[in-house]
2 protein chains.
Amino acid sequence: MLNADETEAAGDSLGGSGLAARLYDDLTRAILAGTLAPGEKLSEPAIARSFGASRAPVREAIRRLQERGLVTYAVNQGARVAQPSAAEFLALLDVREAMEGMAARLAATHMEASEVATLEALVAGHRGEIERNPLGAYLQDDPETDFHRRIARGSGNPILADLLCEQFYPRLRLCRRLHRTVQGRGREAWREHLRITEAIGQHDGELAEILMRRHIRAARAALQTALAAP
Amino acid sequence: MLNADETEAAGDSLGGSGLAARLYDDLTRAILAGTLAPGEKLSEPAIARSFGASRAPVREAIRRLQERGLVTYAVNQGARVAQPSAAEFLALLDVREAMEGMAARLAATHMEASEVATLEALVAGHRGEIERNPLGAYLQDDPETDFHRRIARGSGNPILADLLCEQFYPRLRLCRRLHRTVQGRGREAWREHLRITEAIGQHDGELAEILMRRHIRAARAALQTALAAP
DNA sequence: CTTGCTTATGGTGTCGACAATTTTAGCCGA
DNA sequence: TCGGCTAAAATTGTCGACACCATAAGCAAG
């Protein structure tokens, strides 16, 4: 049912030393990997047994997942893996537009030259992946998110960075799993990334914000049209 | 699907029927009222005794408070009431600028005429309070927040509304308690509210966003100068 | 064969208890 | 008198247990 890999390679682990923290990480990974399908019930005793733990830390991990929007909770009915609707997906992208726009603006005036360099390297590296797979989503799993995560952290605003990295990106991945995101925007998205990086490198916060907001709004529009005509 | 109907009158209570939910509400109120001072330790056994409950629901409530930023947590050391630094206050306002700007934009195209009317009535009602106390903070406790809360809900975006109402506004109140916010901006703030309301009434989302962002940036700047020269 | 009630099963919400760790109190020595 | 070491007390993290609720199975009546 649940395979517990300790690697933490994927990215967003907060891994405190406690048992509840490890459970939280493992459950997060299981949800994002699809091992726990959307809508599936999360039985506290079952999870506890499968991890050889008690219900207390399992409960704690699940409540945190609820707070992060990855599971839904009904009183006396327990938790289920969230099944974000298309409307929720779109709503999430609206908030994301606002927050990442601000992140880009702040990153433009806050990122060190070395951070900008790694960002540029990241985008340059993505180019090869695009060439190999021009129709690919580009935002399928992580290369896209890495770019955005880097900017979020580069904003120098810990509240903003945590909100984006710990709350929004996992939730978005769950949404993408459910609503097949539009394919084929890869090349354009990459160009937009390039321009955003340039604006940040020139410390032009205003432009970086505008470009980032456009970037996300374009993705949102593509999703909306994809949803309208299946 | 996210339902946002709350029977609670006062404001930010999520009051589920459970005991943990009531504890969460009471602790939130105690923190925001100052009954529990910033930095004070939150002893699980003590709180449990004082409420005649067990530690389990208390723990759950405290973990939720941590998730909302009202409490800091250290492993094996328990929880303390958060003591947001001035930097955190400013960071919070940056994120708020982005999110409330988006909220105003969405509210302009989403609010019903009746909702706009109640918003206008709210602002009109505030005028009297300003006249009675022109130097007053205007954002001291709730009249200010009510206005913003109404717009957040009026955005029609449940994710945005919940983030603002349940996470940001309580946290901001805690920040204001710690760092004496600037006094005397009441009249200008009120005028800004008026103009924002007008823009929303005319369904001018773009303008509403600009005005809202200016409004919050002005408050942030006032705070910054107040912090610089005591 | 279907419909409604009754019962059984499983799960959640809460409780008290225990080991491990942290904090406090007390003591000794300088 | 003060600083550091030791022991005691309190607190946290986790566990197993029990009542209440919800859903699923079984049964009776039509």
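Note on naming: letters A, B, ... go to the chains in the order of the sequence lines (proteins, then strands), and numbering restarts at 1 for each one.
- DNA chain C is contacted by both A:S43 and B:P57; A:S43 maps to the nucleotide lying nearer its 5′ end (nearest heavy atom per residue).
- Under a cutoff of 6.0 Å and an axis angle of 45°, A:R64 and A:Y24 form a cation-pi pair.
- A straight line from CZ of A:R22 to P of D:dG13 spans 15 Å, rounded to a whole angstrom.
- Side-chain to base pairing of A:R55 with C:dG11: no donor and acceptor N or O lie closer than 3.5 Å to each other.
- A salt bridge links A:D162 and A:R153; the closest N-O separation between the charged side-chain nitrogens and carboxylate oxygens is under 4.0 Å.
- Between B:Y73 and D:dT11 there is no side-chain N or O to OP1 or OP2 distance below 4.0 Å.
- Atom P of nucleotide D:dT14 and atom CD of B:E60 are separated by 15 Å, given to the nearest angstrom.
- Rounded to an integer number of Å, the gap from CD of B:Q66 to C1' of D:dG13 is 14 Å.
- Under the 4.0 Å criterion applied to side-chain N and carboxylate O atoms, B:E67 and A:R63 are not assigned as salt-bridge partners.
- The side chain of A:R59 contributes no N or O atom lying less than 4.0 Å from OP1 or OP2 of C:dT12.
- Straight-line distance from the CZ atom of A:R63 to the C1' atom of C:dG13: 9 Å, rounded to whole Å.
- Take the nearest nucleotide of DNA chain D for A:N76 and for A:S54: the residue whose nucleotide is more 5' is A:S54.
- For the pair A:R149 and A:Y169, the cation-pi test (distance below 6.0 Å, angle within 45°) is failed.
- Ring geometry for A:H193 versus A:H148: interplanar angle over 60°, hence perpendicular rather than tilted (30 to 60°).
- For A:I47 and C:dG11, the CD1 to C1' distance is 12 Å, given to the nearest whole Å.
- If you take CD1 of B:I62 and P of D:dT11, they are 12 Å apart, rounded to a whole angstrom.
- Within the structure, every side-chain polar atom (N or O) of A:K41 is placed at least 4.0 Å from both OP1 and OP2 of D:dA22.
- At C:dT21, none of the side-chain N or O atoms of B:Q77 fall inside 4.0 Å of OP1 or OP2 (strictly under the cut-off).
- The distance between atom CD of B:E44 and atom P of D:dA9, rounded to the nearest whole Å, is 22 Å.
- Counting any heavy atom pair closer than 4.0 Å across all strands shown, B:L42 reaches sugar-phosphate atoms only and no base atom.
- The distance between atom CZ of B:R49 and atom P of C:dG16, rounded to the nearest whole Å, is 12 Å.
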